[in-house]
Amino acid sequence: MADRLSVEERRHALEAVADEIKGCTLCPLHTSRTHAVPGAGRVDAEIMFIGEGPGYHEDQQGLPFVGASGQYLNELLHMIGLKREDVYITNVVKCRPPNNRDPLPNELDTCIPTYLQRQVEIIQPKLIATLGRFSMALFFPGGRITKIHGQPRRGNGRIYYPLFHPAAVLRNPNLRPMMEEDFRRMLVLAQEMASADASQPDDEPPPPPRQLSLF
């Protein structure tokens with residue numbers, strides 16, 4: 001069981017997944033990437049952030065959320081007393097879509113079960129925070145972020161927590177107070193989940209899309 005792995009075993013397992021991602025040619029996104037972006041952070045993090053896909057700066061550096069959105073994410077983490085090193089950050093697709101377009105269905109269907117599911121299995125976070133609509137759709141099919149942001153759902157022994165994408169908040173500063181309030185609540189939920197050892201009853205979410213049974 002992944003939750004019985006030591007920190008060192010988790011690190012090795014995540015590095016193996018990252019090596020696969022860096023050499024991946026399973027979908028057309030690999031043809032235009034500079035660097036694949038597997039993810040970064042604490043290998044046994046209690047909070048895992050899942051965004052949509054790498055942008056220009058992420059593609060250049062091979063790291064998630066290092067542009068303006070990443071700087072704002074850093075600010076939000078600092079606001080609740082955390083650093084990037086305390087959480088794990090990744091995306092639903094690991095290579096930058098050309099011109100920052102939306103990921104295509106075949107790209108999602110390739111990347112999510114091949115890599116993202118395995119990362120979740122290894123890290124075993126207490127709380128998964130979604131950033132943007134593509135990661136949100138994995139756990140909240142048909143949900144609208146303007147209506148469900150900050151509303152947790154429990155399932156499979158963890159909390160799923162929908163958040164605005166930092167880029168959306170940068171484009172619309174009116175969202176900032178809601179984003180900050182949601183972040184503060186997220187930390188409280190994660191702490192409660194850890195102290196209760198996931199003892200709260202699960203909700204009953206509808207089946208997630210693309211047969212992602214591990215979620």
> Side-chain contact, heavy-atom cut-off 4.5 Å: Ile122 with Gln117?
Replying inline: no
> Under a 4.5 Å side-chain heavy-atom rule over Ile, Leu, Val, Met, Phe, Trp and Tyr, are Val66 and Tyr88 clustered together?
Replying inline: no
>> Side-chain heavy atoms nearer than 4.5 Å, only ILVMFWY residues, links allowed to pass through others: does that put Val37 and Leu26 together?
In response: no
>> With a 4.5 Å cut-off on side-chain heavy-atom distances among I, L, V, M, F, W and Y, is there a chain of contacts connecting Leu63 to Val92?
In response: no
>> Given 3.5 Å as the limit, does a donor-acceptor pair link the side chain of Thr90 with the main chain of Ala40, or not?
In response: no
> Would you say Leu163 and His149 make side-chain contact, with heavy atoms under 4.5 Å?
Replying inline: no
> Quick one: does Arg158's side chain get under 4.5 Å of Pro125's, heavy atoms only?
Replying inline: yes
> Charged N to carboxylate O below 4.0 Å: is that the case for Glu181 and Arg184?
Replying inline: no
>> Between Ile47 and Ile128, does the side-chain contact (heavy atoms from CB on, under 4.5 Å) criterion hold? Intermediate values first, please.
In response: CA-CA 6 Å; Ile47 299 176; Ile128 291 179; over 6 Å; no
>> Distance check, rounded to the nearest 0.5 Å: Cys24 atom SG versus Asp19 atom CG?
In response: 12.5 Å
> Can you name the closest pair of heavy atoms from Val43 and Arg11 and give their distance?
Replying inline: CG1-CA, 3.9 Å
> Heavy-atom distance under 4.5 Å between the side chains of Ile50 and Leu131, does that happen here?
Replying inline: no
>> Any side-chain to backbone donor/acceptor pair from Tyr161 onto Asp182? Under 3.5 Å, distance only.
In response: yes
> Under the salt bridge (Lys or Arg N to Asp or Glu O under 4.0 Å) test, which residues partner Lys83, sequence neighbours left out?
Replying inline: Asp86
> Considering residues at least two apart in sequence or located in another chain, which fulfil the ring pair (Phe, Tyr, Trp, His ring centres under 6.0 Å) criterion with Phe65?
Replying inline: His165
> Is any side-chain heavy atom of Pro152 closer than 4.5 Å to a side-chain heavy atom of Arg185?
Replying inline: yes
> Same hydrophobic cluster for Leu76 and Ile145, using side-chain heavy-atom links shorter than 4.5 Å among ILVMFWY?
Replying inline: yes
> Quick one: CD1 on Ile148 to CZ on Phe139, what's the gap to the nearest 0.5 Å?
Replying inline: 11.5 Å
> What pairs with Asn106 under side chain to side chain donor-acceptor pair (under 3.5 Å), at least two apart in sequence or on another chain?
Replying inline: none
>> For the residue pair Gln191 / Lys126, report whether a side-chain donor-acceptor contact shorter than 3.5 Å exists.
In response: no
> Which is it for Tyr160 and Thr130 under the side-chain contact (heavy atoms from CB on, under 4.5 Å) test, yes or no, and what are the steps along the way?
Replying inline: CA-CA 8 Å; Tyr160 302 98; Thr130 64; 5.9 Å; no
> Under 3.5 Å, side chain of Arg33 to main-chain N/O of Cys95, donor-acceptor pair present?
Replying inline: no
> What pairs of residues pass the ring pair (Phe, Tyr, Trp, His ring centres under 6.0 Å) test when at least one of them lies in residues 12-61, not counting sequence neighbours?
Replying inline: Phe49-Phe183
> Is a side-chain N or O of Arg118 found less than 3.5 angstrom from the main chain of Leu14, in a donor-acceptor match?
Replying inline: no
> Do Glu85 side-chain atoms and Gly41 backbone N/O form a donor-acceptor pair below 3.5 Å?
Replying inline: no
>> For Ala129 versus Met186, what's the shortest heavy-atom pair and its separation?
In response: CB-SD, 3.9 Å
>> Nearest 0.5 Å, please: how far is CE in Met79 from CG in Leu187?
In response: 9.0 Å
> Say you draw a straight line from CD of Glu121 to CZ of Arg10; how long is it, rounded to the nearest 0.5 Å?
Replying inline: 12.0 Å
>> With heavy-atom distances below 4.5 Å as the criterion, would you say the side chains of Val120 and Met48 are in contact?
In response: yes
>> Whether the side chain of Thr114 engages the backbone of Cys111 through a donor-acceptor N/O pair (distance < 3.5 Å, no angle test) should be reported.
In response: no
>> Can you give me the closest heavy-atom contact between Ser32 and Pro98, atom names plus distance?
In response: OG-CG, 3.8 Å
> Looking only at atom types and distance, does a side-chain atom of Asp59 sit under 3.5 Å from a main-chain N or O of Thr34, one as donor and one as acceptor?
Replying inline: yes
> Say you draw a straight line from CG of Leu82 to CD of Glu46; how long is it, rounded to the nearest 0.5 Å?
Replying inline: 10.0 Å
> Which residues satisfy the side chain to side chain donor-acceptor pair (under 3.5 Å) test with Glu9, sequence neighbours excluded?
Replying inline: Ser6
>> Show, in sequence, the C-alpha distance, side-chain angles and deciding distance for Gln119 and Ile21, and conclude whether the side-chain contact (heavy atoms from CB on, under 4.5 Å) test is met.
In response: CA-CA 11 Å; Gln119 290 174 315; Ile21 291 169; 4.2 Å; yes
>> Quick one, Pro54 and Asn91 - any side-chain contact, counting heavy atoms below 4.5 Å?
In response: yes
>> Quick test of your reading of the model: are Glu58 and Lys94 salt-bridged, counting only N-O distances below 4.0 Å?
In response: no
>> Using modelled atom types and a 3.5 Å cut-off, is there a donor and acceptor pairing between side-chain atoms of Asn172 and backbone atoms of Asn174?
In response: yes
> Is a side-chain donor or acceptor of Arg153 paired with a backbone partner of Ile159 at a separation under 3.5 angstrom?
Replying inline: no
> Which residues satisfy the side chain to side chain donor-acceptor pair (under 3.5 Å) test with Arg42, sequence neighbours excluded?
Replying inline: Asp44
> Taking atom NZ of Lys22 and atom CD of Glu15, what is their separation to the nearest 0.5 Å?
Replying inline: 8.5 Å
> Taking side chain as C-beta onward, heavy atoms only, is Val17 less than 4.5 Å from Tyr115?
Replying inline: yes
> If two hydrophobic side chains count as joined below 4.5 Å and joins carry through other members, does Met179 share a cluster with Val188?
Replying inline: no
>> How close do Pro162 and Phe140 get, counting heavy atoms only, and between which atoms?
In response: CD-CZ, 3.5 Å
> Has the side chain of Glu107 got a donor or acceptor atom that lies under 3.5 Å from a matching backbone atom of Leu104?
Replying inline: yes
